[in-house]
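For reference, the structure discussed in these notes is given below.
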Amino acid sequence: MKSFAFVFPGQGSQAVGMLDAWGDHPAVAETLREASDALGEDVGGLIKNGPKEELALTTNTQPVMLVAGIAAWRAWLAEGGAKPSVVAGHSLGEYSALVASGVLTLAQAAPLVRFRAQAMQQAVPVGVGAMAAVLGMESGKVVAGCAEATASFGAGSAEVVEAVNFNDPVQTVIAGSKAAVDKACELLKANGAKRALLLPVSAPFHSSLMRPAAEALREKLASTTLAAPQIPVLNNIDVAIETDADRIRDALVRQAAGPVRWVECVQALKLRGVAAIIECGPGKVLAGMVKRIAPDLEAASVYDPATLADTRQSLAG
């Protein structure tokens with residue numbers, strides 16, 4: 001059996017009907033029941049029927065992506081899949097990784113991520129903030145372009161833009177106030193970026209504008225009991241593995257208003273000796289990033305019974 005890591009996706013991979021392919025798999029059905037009980041609503045119905053606009057609201061997206069990731073994880077274990085040597089998650093996906101590791105229960109995590117989503121949405125009114133994906137430019141140049149765009153508004157201005165998701169060597173997401181993000185897109189394209197595309201999101205996630213959300217989360221997490229990790233969890237704010245509950249809490253707080261260092265996370269997983277990184281949950285976004293960051297690593301996705309079977313076979317190979 002090859003050494004492997006499991007990674008969990010965050011917002012953006014959601015889709016109406018994303019669990020349909022599992023049919024009535026007992027592990028998936030049980031996950032939906034638990035989450036519905038914890039949130040006091042029919043999570044399975046929302047995932048199955050949408051509508052798309054409802055699923056795209058961050059207060060819904062965050063819980064449903066958590067649930068979808070854990071459904072795939074539990075199906076993997078139920079079908080005899082081995083436990084990975086390490087887990088991680090992209091942004092929100094870190095909460096799925098913590099559930100997989102046993103640090104949080106699903107019943108704890110579902111309301112927690114909904115609270116996180118509400119706090120993020122309240123931190124910056126809709127339309128005031130923005131995010132954009134910058135393609136075809138090395139991340140250091142994107143960071144410099146954001147600094148130039150912010151500085152162009154003058155000292156003391158509330159306009160700010162920052163690099164917030166380091167997704168692969170030439171794809172970086174920026175976030176901040178709408179005017180500053182627009183300015184940065186203009187500058188970065190002028191400086192050689194292939195594209196700078198505004199993203200259809202409702203808040204500037206992972207930017208310093210999310211600090212009020214981070215503080216609200218700090219208070220919430222203070223009263224949340226965390227268990228010891230059963231599988232090492234690599235966080236994406238420090239690219240570090242923590243075992244102390246207070247340090248895990250602190251990393252989750254800072255992650256809300258700090259960058260997702262995904263390129264470094266994949267490199268760190270590789271340094272731990274894994275031969276494969278498996279995306280657990282809907283879509284293939286992270287698997288694609290892994291291939292671009294570390295082409296020599298095996299990358300695969302587990303999002304339905306067929307991909308689960310294929311992945312088990314390739315890891316056994």
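Each residue takes its place number in the sequence, starting with 1.
At a threshold of 4.0 Å, the pair Glu34-Arg74 counts as salt-bridged, since one of the basic side-chain nitrogens sits closer than that to a carboxylate oxygen. The residues Arg33 and Asp37 are annotated as not salt-bridged, no charged nitrogen and carboxylate oxygen being separated by less than 4.0 angstrom. Between Arg249 and Asp246 there is a salt bridge, since a side-chain N of the basic residue sits under 4.0 Å from a carboxylate O of the acidic one.
Considering all non-hydrogen atoms of both residues, Val239 and Ala268 come closest at CG1-CB, 3.7 Å. Nearest heavy-atom pair, Val16 versus Pro51, reported as atom, atom and distance to 0.1 Å: CG2-C, 4.1 Å. Taking each heavy atom of Val266 and Ala294 in turn, the nearest pair found is CG1-CB, 4.1 Å. Heavy-atom minimum distance, Gly69 versus Pro282: N-CD, 4.5 Å. Among all heavy-atom pairs drawn from Val134 and Ala193, the shortest one is CG1-CB, 3.8 Å. Nearest heavy-atom pair, Ala123 versus Pro212, reported as atom, atom and distance to 0.1 Å: CB-CB, 4.2 Å.
A distance-only check finds a donor-acceptor pair linking the side chain of Ser207 to the backbone of Pro204 [under 3.5 Å]. Not one N or O on the side chain of Glu148 forms a donor-acceptor pair closer than 3.5 Å with the backbone of Cys146. The backbone N or O of Ala287 lies less than 3.5 Å from a partner atom in the side chain of Glu279, making a donor-acceptor pair. Judged by distance alone, with hydrogens and angles left aside, the side-chain atoms of Gln255 form no donor-acceptor pair with the main-chain N or O of Asn236 at under 3.5 Å. Within the 3.5 Å criterion, the main-chain N or O of Gly258 finds a donor-acceptor partner in the side chain of His206. Side-chain atoms of Ser314 come within 3.5 Å of backbone N or O of Thr311 as a donor-acceptor pair.
Using modelled atom types, one finds no donor on one side chain facing an acceptor on the other under 3.5 Å when comparing Thr59 with Gln118. For the residue pair Gln62/Thr58, the side-chain donor-acceptor check at 3.5 Å is satisfied. Counted by atom type alone, Arg261 and Gln267 present zero donor-acceptor pairs between their side chains at under 3.5 Å. For the residue pair Asn60 / Arg114, a side-chain donor-acceptor distance below 3.5 Å is found, with atom types taken as modelled.
Within 6.0 Å of CZ on Arg211 lie no more than 12 heavy atoms contributed by other residues, nucleotides or ligands. When the shell of 6.0 Å around CD of Glu41 is examined, it contains more than 12 heavy atoms from other residues, nucleotides or ligands. Other residues, nucleotides and ligands place more than 12 heavy atoms under 6.0 Å from the NZ atom of Lys2.
Between Trp76 and Phe6, the ring planes are tilted. Angles from 30° to 60° get that label.
When hydrophobic clusters are built by joining Ile, Leu, Val, Met, Phe, Trp and Tyr residues whose side-chain heavy atoms come closer than 4.5 Å, directly or via intermediates, Met120 is not grouped with Val64. Hydrophobic clustering (side-chain heavy atoms under 4.5 Å, transitive across Ile, Leu, Val, Met, Phe, Trp, Tyr) keeps Leu209 apart from Val181. Leu104 is connected to Leu77 through a chain of hydrophobic side-chain contacts under 4.5 Å among Ile, Leu, Val, Met, Phe, Trp and Tyr, so both are in one cluster. When the side chains of ILVMFWY residues are joined at heavy-atom separations under 4.5 Å, either directly or via intervening members, Val99 and Leu39 end up in a single hydrophobic cluster. Hydrophobic cluster membership differs between Val164 and Val142, with clusters built from Ile, Leu, Val, Met, Phe, Trp and Tyr side chains linked at under 4.5 angstrom.
In this structure, OG in Ser152 is found 6.5 Å from CG in Leu187, a value given to the nearest 0.5 Å. Here OG of Ser202 is found 10.0 Å from CE of Met131. Values are rounded to the nearest 0.5 Å. Distance check, rounded to the nearest 0.5 Å: CD1 of Ile241 to CZ of Arg247 gives 12.5 Å. Of the inter-residue distances, the one linking Leu297 atom CG with Leu269 atom CG reads 8.5 Å to the nearest 0.5 angstrom. The distance from the NZ atom of Lys284 to the CG atom of Leu286 is 13.0 Å, given to the nearest 0.5 Å. Atom CD1 of Ile248 and atom OG of Ser101 lie 7.5 Å apart (nearest 0.5 Å).
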CA sep, side-chain torsions, deciding dist, call: Val173, Asn167, side-chain contact (heavy atoms from CB on, under 4.5 Å): CA-CA 7 Å; Val173 174; Asn167 285 338; 3.6 Å; yes
Ser91/Gln11 under side-chain hydrogen bond (donor to acceptor under 3.5 Å, both in side chains): CA gap, chis, key distance, verdict: CA-CA 8 Å; Ser91 181; Gln11 282 187 234; over 6 Å; no
Criterion side-chain contact (heavy atoms from CB on, under 4.5 Å) on Lys194 and Lys189, from CA distance to verdict: CA-CA 7 Å; Lys194 279 186 185 170; Lys189 282 192 281 194; over 6 Å; no
Residue pair Asp304, Thr307: steps toward the side-chain hydrogen bond (donor to acceptor under 3.5 Å, both in side chains) verdict: CA-CA 6 Å; Asp304 62 13; Thr307 52; 2.7 Å; yes
Trace of the side-chain hydrogen bond (donor to acceptor under 3.5 Å, both in side chains) decision for Ser208 with Glu162: CA-CA 8 Å; Ser208 57; Glu162 299 151 351; 2.6 Å; yes
Intermediate values then yes/no, side-chain hydrogen bond (donor to acceptor under 3.5 Å, both in side chains), Gln121 and Arg116: CA-CA 9 Å; Gln121 196 56 77; Arg116 176 182 185 264; over 6 Å; no
Worked check of side-chain contact (heavy atoms from CB on, under 4.5 Å) between Leu226 and Thr224: CA-CA 6 Å; Leu226 305 185; Thr224 304; 4.1 Å; yes
Working for side-chain contact (heavy atoms from CB on, under 4.5 Å), residues Val253 and Leu221: CA-CA 8 Å; Val253 168; Leu221 282 162; 3.8 Å; yes
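Looking at heavy atoms from C-beta onward, Arg272 lies out of side-chain contact with Ser85 at the 4.5 angstrom threshold. Contact annotation: the side chain of Asn165 never approaches that of Trp262 to less than 4.5 Å [non-hydrogen atoms, C-beta and beyond]. Considering only heavy atoms from C-beta on, Val290 stays 4.5 Å or farther from Asp168 through its side chain. The closest side-chain heavy-atom distance from Val274 to Ile277 is below 4.5 Å. Counting heavy atoms from C-beta outward, His25 and Glu79 have side chains that approach closer than 4.5 Å. Two residues are said to be in side-chain contact when any heavy atoms from C-beta on lie closer than 4.5 Å; Trp73 and Pro84 meet this criterion. Inter-residue side-chain proximity for Gln171 and Arg292 is flagged as met; some heavy-atom pair is nearer than 4.5 Å. Using a 4.5 Å heavy-atom cutoff, the side chains of Leu46 and Leu55 are in contact.
Scored by the side-chain contact (heavy atoms from CB on, under 4.5 Å) test, Ala240 finds Asn235, Asp238, Glu242 as partners (sequence neighbours excluded).
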